[in-house]
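Throughout, protein chains are lettered first and strands after them, A, B, ... in sequence-line order, and every chain is numbered starting at 1. Predicted model only: the values in this text are computed from it and were never measured.
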2 protein chains.
Amino acid sequence: MAVSIPATVETTVHATMDALTSAEKRAARTLLANYPTIGLAPVAEFGTAAGASAATVLRFISRLGFRSYPDFQRALRTELDERTKSPLQRSFEVPRQESERFLDRFFEQTAEIMRATAERIPASEFEAASRKLADSRHACHLAGGRFTDALAMYMEAHLRRARPGVRRLDGRIANRADQLLDIKAGDVVVLFDMRRYDDDLLETARQLKAARAFTILVTDEWISPISRFSKIVLPCRVSIDRIWDANTAMFALVEALIARTTELSWKTAESRIRAGD
Amino acid sequence: MAVSIPATVETTVHATMDALTSAEKRAARTLLANYPTIGLAPVAEFGTAAGASAATVLRFISRLGFRSYPDFQRALRTELDERTKSPLQRSFEVPRQESERFLDRFFEQTAEIMRATAERIPASEFEAASRKLADSRHACHLAGGRFTDALAMYMEAHLRRARPGVRRLDGRIANRADQLLDIKAGDVVVLFDMRRYDDDLLETARQLKAARAFTILVTDEWISPISRFSKIVLPCRVSIDRIWDANTAMFALVEALIARTTELSWKTAESRIRAGD
DNA sequence: GCCATTCTGAAATTCTCGTTTCAGTGTTGA
DNA sequence: TCAACACTGAAACGAGAATTTCAGAATGGC
């Protein structure tokens with residue numbers, strides 16, 4: 001038996017979205033983004049906030065099925081009342097409906113992957129990696145493969161805010177040799193490698209080990225051969241019962257590393273962040 | 001040191017209570033009992049609920065220090081807005097809990113953010129975006145800002161596997177003008193923009209609209225001004241009660257888009273992927 | 001690129017709502 | 001008991017709100 005979903009204004013908006021014109025959609029989005037307050041304001045104000053005219057907002061409201069704007073506002077108030085009167089009820093509000101939506105299923109699976117990932121990464125490893133990253137006495141280098149280069153890039157951009165001496169290694173192998181010369185013993189290097197593992201990156205890792213760099217490897221559950229040359233290995237689940245591999249857990253791990261590192265080096269980070277913004 | 005209490009309407013009512021006449025007190029009690037919804041209703045309704053006349057309610061409101069009833073309502077709305085959005089405005093504090101659980105907590109919060117994101121993205125919008133991306137008759141362009149460029153890059157790498165004609169716009173503005181010339185009416189453009197919103201990207205979006213491109217915007221919960229020039233807007237939660245914004249939900253959305261797009265264009269995608277691996 | 005169609009916002013219109021007034025009611029103190 | 005005073009709500013008023021209309025702009029199909 002399907003549990004009936006309460007027909008809130010919000011769900012109605014979602015359901016109606018399809019049938020809306022573009023200016024009306026702007027109104028819809030504004031409402032969802034400032035739910036429910038903007039709907040409690042006069043139409044004119046709602047219109048301005050949405051970058052549309054009052055008339056458009058009214059058309060939007062009527063398309064949602066309300067007979068008038070005051071009618072719509074009454075619905076919002078009633079809803080608000082019920083929500084605040086039974087806060088406990090809120091967690092049951094959106095019950096285990098069969099999520100037919102692709103997006104919901106996908107996100108659920110992803111959350112599961114993340115849970116599995118968190119389980120498998122030893123806290124001590126994570127902590128050691130963060131501390132090493134937060135230690136700005138040594139330079140920090142990042143590199144990834146074909147698909148993971150974007151992760152390296154993202155991490156670089158954020159790590160730069162927290163500490164000095166962050167650099168991403170160029171993807172092309174030709175340039176690698178030169179770049180490796182800059183790396184000193186004790187420097188931190190974060191490598192991203194997942195199936196199918198990158199041979200060039202493996203070679204790079206070997207040389208880094210020879211140069212006595214401190215290598216942190218972020219890899220998938222099958223673990224890249226680079227682990228041989230790494231001080232710290234952080235394995236992420238990338239699939240559970242899904243056809244495509246999902247790197248979201250890896251991305252989340254990157255964010256966690258950034259967050260923890262920033263926290264640990266807050267003294268340095270604070271001024272850098274303020275200067276950067 | 002006294003903790004300063006924020007001057008909410010509610011506290012003002014309490015403070016004013018004993019200066020009120022008996023009918024006014026009825027109004028005050030009604031407001032406190034149905035806070036804040038009854039105050040968002042028309043005066044007449046408020047009056048009826050309180051068993052008093054509209055005039056009495058008005059006198060009550062003015063005694064609270066508001067210049068008019070709409071003024072009072074505006075205060076309530078602002079307050080309501082802040083109540084739902086403010087947890088993230090808390091200033092930075094180093095978490096007392098030591099590192100062990102950092103990763104777990106972080107991932108939990110992230111999962112929560114993802115849930116909230118999935119909830120807010122209308123299925124129709126997601127589906128429409130995927131379909132448009134799967135339609136390889138038109139070219140597809142991607143661009144991001146300072147931190148989101150990495151997302152564009154990641155999406156580019158994967159979308160390339162699924163379909164031809166994918167290109168990422170160069171980050172530097174100088175090159176933008178030339179690149180825009182290549183974009184034809186009907187082309188899909190995926191833009192990533194989050195706080196603090198990128199002015200150059202906004203300008204690019206404006207020109208894209210003029211060129212009649214089909215713009216898909218991936219943004220945060222406060223919605224980039226680019227939404228004005230976009231056909232589809234996909235808002236992601238980036239924070240719930242955490243100091244730093246987290247882009248994991250956005251990354252997951254990108255992966256979901258890639259997955260769905262690949263699914264929809266499987267005929268084309270299959271051979272491309274085989275050739276690429 | 002052109003035409004039919006749809007969409008949009010400014011302005012005119014209508015009506016509801018907030019506000020004010022004032023007569024009536026209740027209350028207090030002599 | 002009566003007068004002075006404060007409180008209250010019904011009704012009149014005017015402001016500002018929602019709604020409708022319509023001409024011009026944008027869009028989509030050929």
Side-chain angles (χ1 to χ4, degrees), chain A residues 16-31 38-77, chain B residues 16-31 38-77 128 131-132 135 137-138 184-188 205-215 227-232:
Chain A
T16 318
M17 197 58 110
D18 243 357
L20 301 177
T21 69
S22 90
E24 284 166 13
K25 271 187 190 161
R26 242 178 292 145
R29 274 179 231 126
T30 308
L31 177 58
I38 195 66
L40 296 165
V43 231
E45 196 175 317
F46 190 159
T48 308
S53 66
T56 300
V57 173
L58 257 357
R59 277 186 289 260
F60 161 59
I61 295 304
S62 102
R63 239 187 260 257
L64 289 179
F66 295 102
R67 282 196 18 259
S68 70
Y69 193 72
D71 220 46
F72 158 72
Q73 293 190 310
R74 191 163 321 122
L76 284 180
R77 288 201 309 270
Chain B
T16 319
M17 197 59 114
D18 49 359
L20 301 176
T21 68
S22 85
E24 284 166 12
K25 271 185 188 155
R26 245 177 294 143
R29 270 184 242 116
T30 307
L31 176 59
I38 195 66
L40 295 165
V43 233
E45 197 175 319
F46 192 160
T48 308
S53 69
T56 300
V57 173
L58 256 357
R59 278 186 287 262
F60 160 58
I61 295 304
S62 104
R63 236 188 264 262
L64 290 179
F66 294 101
R67 284 200 13 261
S68 70
Y69 193 72
D71 222 47
F72 158 73
Q73 294 190 310
R74 199 180 343 267
L76 286 179
R77 287 201 309 270
R131 279 186 198 288
K132 196 72 195 177
D135 177 359
R137 282 173 305 178
H138 302 292
K184 300 186 176 51
D187 279 10
V188 199
R206 175 174 291 130
Q207 292 172 25
L208 285 170
K209 164 120 182 180
R212 302 218 282 160
F214 189 100
T215 301
S227 63
R228 279 229 53 176
F229 307 118
S230 309
K231 278 282 200 317
I232 295 179

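With rounding to whole Å, A:F60 atom CZ is found 16 Å from C:dC7 atom C1'. In this structure, the NZ atom of B:K209 is 10 Å from the P atom of D:dG28, given to the nearest Å. In this structure, CD of A:E24 is placed 6 Å from P of C:dT8, rounded to the nearest angstrom. Atom CZ in B:R212 sits roughly 12 Å away from atom C1' in C:dC2 (whole-Å rounding). With rounding to whole Å, A:I61 atom CD1 is found 17 Å from D:dA17 atom P. The distance from atom CZ of B:F46 to atom C1' of D:dT8 is 16 Å, rounded to the nearest whole Å. Taking atom CG of A:D71 as the reference point, atom C1' of D:dA17 lies 16 Å away to the nearest angstrom. One can place CD of B:E45 at 15 Å from P of C:dT16, the figure rounded to the nearest angstrom.
To the nearest 0.5 Å, atom CD1 of residue B:I38 and atom OG1 of residue B:T48 are 8.5 Å apart. The NZ atom of B:K231 lies 6.5 Å from the NZ atom of B:K209; values are rounded to the nearest 0.5 Å.
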Full working for side chain to side chain contact (heavy atoms under 4.5 Å, CB included) between A:V57 and A:F72: CA-CA 11 Å; A:V57 173; A:F72 158 72; over 6 Å; no

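Counting non-hydrogen atoms under 4.0 angstrom, A:A55 reaches a base of the nucleic acid.
Distances shown here put every side-chain N or O of B:K25 at or beyond 4.0 Å from the OP1 or OP2 atom of D:dC7. For A:S68 and C:dC15, the shortest distance from a side-chain N or O to OP1 or OP2 is not below 4.0 Å. Within the 4.0 Å cut-off from OP1 or OP2 of D:dA6, not a single side-chain nitrogen or oxygen of B:S22 is found. Side-chain N/O atoms of B:T21 include none lying less than 4.0 angstrom from OP1 or OP2 on D:dC7. Close to C:dT8, at under 4.0 Å from its OP1 or OP2, lies no side-chain N or O of A:T56.
With C:dG18, C:dG9, D:dA18 as the choices, the nucleotide that has an atom nearest any side-chain atom of B:L58 turns out to be C:dG18. Nearest nucleotide to the B:A23 side chain, out of D:dT8, C:dG9, D:dA18: D:dT8. The A:P42 side chain lies nearest to D:dA17 when the options are C:dT19, C:dG9, D:dA17. The side chain of A:S53 sits closest to C:dG9 out of C:dG9, D:dG9, D:dA18.
Contact of the B:H138 side chain with the B:F214 side chain is not registered, since no non-hydrogen atoms from C-beta on lie closer than 4.5 Å. Between A:F60 and A:T56 there is no side-chain heavy-atom pair separated by less than 4.5 Å.
Both A:A52 and B:R67 sit near DNA chain C, but only A:A52 has its closest nucleotide nearer the 5' end. Each of B:K231 and A:A44 lies near DNA chain D, and the nucleotide nearest A:A44 is the one positioned closer to the 5' end. Residues A:Y69 and B:R59 both approach DNA chain D. Their nearest nucleotides, taken by heavy-atom distance, put B:R59 toward the 5′ side.
The side-chain hydrogen bond (donor to acceptor under 3.5 Å, both in side chains) with A:D71 is formed by just one residue from the set A:Q73, A:R74, A:R67; it is A:R74.
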